[in-house]
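Heads up: the structure comes next, in structure tokens.
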Amino acid sequence: MKDEEIRKKYQRDDENDLRGTNVGAMDRFIEMLHLHERSTDSHISSIAENFEQIDKVAPNFTIFQGDECFFMHNFNAYQISENANMLVASHEFGHGVLSIVNNTIVPEDYGNVIEKAKQHAISPENKEKFKEYIQYISGKTDRKEERTEAEKGPVSDIISSIFQLQGLRVGTSDNICIFPSSHSREYYYDEEKNQPNFENIFDEDFANYYSLKANNCTQEIETIRSLFGDEFISALNSELEKIYERLVAIKKIEV
């Protein structure tokens, strides 16, 4: 879908449109798609280059302009600000891709994937490295290098999702390390059922991973692999591949 085709379908210039004008949002949205086209991941770049396939699945897809970025699952509506942070915008677009193409269906074994990821991080051979990284990412360390925006955003929230917490205690009882980006315990864990909410966990993990891939955050992805193991990365890659294959199949259908 060319830029002018996207604008023709989604852009609103009329101030009397009840949905509001969205010219600035469209500028940023198209800029985001071009960024994704430059992803080193062929699946991400293909999804961006073939945005019209998403349009075929969700012809009611709508783009709004607002102060924040978020995807409204119930309405297939994507809100983006005209000066949106690209990591955040990509994250919310990742929610949209997963919801529109796959209805946010959680893989059957995802609970085991999360448990194995957790056990990998706290295993005897990895726990010291993990503890050091938790202190680093929470800003409670003397490490000289600056945390990247991707570490403070998607990586941090992935750690939050795997442990279903907003922070972890490392060592002494007063050394509570709060993640810079996270979701609440209630969002990631169903206290009534006494089990993790895997739909929310998977939804956020995929969106965070999508954002890292779309923004070519290779170092941060390797950090996640080091902390949580190959199986966790493979599960997210597998979902990304499924989405890509479904869009390819849609493209082949004669209208």
Side-chain angles (χ1 to χ4, degrees), residues 1-13 17 19-73 75-104 148-150 153-154 203-218 220-221 236-237 239-253 255:
M1 213 171 189
K2 296 179 180 179
D3 294 358
E4 57 268 26
E5 293 173 322
I6 295 175
R7 288 189 187 278
K8 183 178 180 180
K9 183 170 180 61
Y10 297 108
Q11 186 165 302
R12 299 184 298 277
D13 305 297
D17 193 311
R19 296 168 297 175
T21 59
N22 66 349
V23 178
M26 290 303 308
D27 291 342
R28 199 62 168 160
F29 180 78
I30 290 172
E31 182 182 347
M32 181 194 72
L33 286 182
H34 288 319
L35 172 69
H36 293 187
E37 288 172 0
R38 299 191 295 273
S39 170
T40 55
D41 186 286
S42 60
H43 298 130
I44 294 285
S45 60
S46 178
I47 289 169
E49 290 166 0
N50 295 281
F51 174 67
E52 67 268 21
Q53 309 314 321
I54 294 176
D55 173 69
K56 289 177 183 177
V57 180
N60 64 331
F61 181 77
T62 306
I63 299 172
F64 288 95
Q65 182 166 313
D67 295 331
E68 298 179 352
C69 293
F70 56 85
F71 179 76
M72 293 172 275
H73 293 72
F75 305 100
N76 285 336
Y78 176 77
Q79 178 171 295
I80 181 172
S81 63
E82 55 187 335
N83 59 350
N85 177 294
M86 281 299 177
L87 281 168
V88 177
S90 301
H91 172 101
E92 295 302 327
F93 186 68
H95 279 310
V97 169
L98 182 64
S99 177
I100 291 170
V101 181
N102 195 30
N103 295 316
T104 319
T148 67
E149 291 304 309
D203 193 17
E204 295 299 336
D205 285 346
F206 181 83
N208 282 315
Y209 189 68
Y210 196 96
S211 178
L212 292 173
K213 282 282 190 177
N215 287 271
N216 289 323
C217 298
T218 305
E220 288 81 0
I221 291 172
L236 297 174
N237 273 333
E239 189 64 28
L240 185 57
E241 186 172 353
K242 287 177 187 176
I243 289 172
Y244 162 77
E245 290 173 349
R246 285 173 183 146
L247 289 178
V248 168
I250 292 168
K251 188 176 183 179
K252 291 180 179 178
I253 297 174
V255 179

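Heavy-atom basis, side chains included; hydrogens, waters and symmetry copies ignored.
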**Q.** N/O donor-acceptor pair under 3.5 Å between N216 side chain and R38 backbone
**A.** yes

Q) What's the spacing between D41 CG and N237 CG if we round to 0.5 Å? A) 7.0 Å

Q.
Quick one, R7 and I30 - any side-chain contact, counting heavy atoms below 4.5 Å?
A. yes

Q: Start with the C-alpha gap between I80 and E92, add the side-chain angles, then the distance that decides, and say whether side chain to side chain contact (heavy atoms under 4.5 Å, CB included) holds.
A: CA-CA 9 Å; I80 181 172; E92 295 302 327; over 6 Å; no

(Q) Is any side-chain heavy atom of N76 closer than 4.5 Å to one of F71? (A) yes

Q.
For S45 versus S42, what's the shortest heavy-atom pair and its separation?
A. OG-O, 3.0 Å

Q) Looking only at atom types and distance, does a side-chain atom of N22 sit under 3.5 Å from a main-chain N or O of A25, one as donor and one as acceptor? A) no

Q | Residues V248, Y244; criterion side chain to side chain contact (heavy atoms under 4.5 Å, CB included); working and verdict | A | CA-CA 6 Å; V248 168; Y244 162 77; 3.6 Å; yes

(Q) On a heavy-atom basis, which atom in M32 and which in Y78 lie closest, and how many Å separate them? (A) SD-OH, 3.5 Å

Q. Which distance, rounded to the nearest 0.5 Å, do you find between the CD of E239 and the CG of L98?
A. 5.5 Å

Q.
To the closest 0.5 Å, what do you measure between CG (L33) and CD (E37)?
A. 6.5 Å

Q | Side-chain touch S81/D67, heavy atoms, less than 4.5 angstrom | A | no

Q | Min side-chain heavy-atom separation D203-H95 under 4.5 Å | A | yes

Q: Decide yes or no on side chain to side chain contact (heavy atoms under 4.5 Å, CB included) for M72 and T62, but give the supporting numbers first.
A: CA-CA 10 Å; M72 293 172 275; T62 306; over 6 Å; no

Q) Side-chain contact, heavy-atom cut-off 4.5 Å: H36 with I47? A) no

Q: Decide if atom CD of E68 counts as having more than 12 heavy atoms of other residues, nucleotides or ligands within a radius under 6.0 Å.
A: no

Q) Do the ring centers of F29 and Y10 come within less than 6.0 Å of each other? A) no

**Q.** Rounded distance [0.5 Å steps], CD1 in I243 versus CD1 in I54
**A.** 8.5 Å

(Q) Quick check against the 3.5 Å criterion: does D27 have a side-chain atom that pairs as donor or acceptor with the backbone of E82? (A) no

Q: Working to the nearest 0.5 Å, report the span between NZ of K251 and CG of N50.
A: 4.0 Å

Q: Would you indicate whether the side-chain heavy atoms of C217 and L87 approach each other to under 4.5 Å?
A: yes

Q.
Just so I know, are the side chains of K9 and E5 near enough to count as touching, which here means a heavy-atom distance under 4.5 Å?
A. no

Q: Decide, yes or no, whether a salt bridge links E31 with R28 under the criterion of side-chain N to carboxylate O below 4.0 Å.
A: yes

Q) Which of parallel (below 30°), tilted (30 to 60°) and perpendicular (above 60°) describes F61 and F51? A) perpendicular

Q. Considering all heavy atoms of both residues, which atom of N60 and which atom of F75 are nearest to each other, and what is their separation?
A. ND2-O, 3.9 Å

(Q) Are the side chains of L236 and K213 in contact, using a 4.5 Å heavy-atom criterion? (A) no

**Q.** Side-chain donor or acceptor of Q65 paired with backbone N/O of G24 under 3.5 Å
**A.** yes

Q) Should the pair Y210 and F206 be assigned to parallel (<30°), tilted (30 to 60°) or perpendicular (>60°) ring geometry? A) tilted

Q | Cation-pi geometry met for R12 and F64 (6.0 Å, 45°) | A | yes

Q: From the options L212, N208, N215, select the one residue that forms a side-chain contact (heavy atoms from CB on, under 4.5 Å) with E220.
A: L212

**Q.** Separation of I63 CD1 from F93 CZ (nearest 0.5 Å)
**A.** 8.5 Å

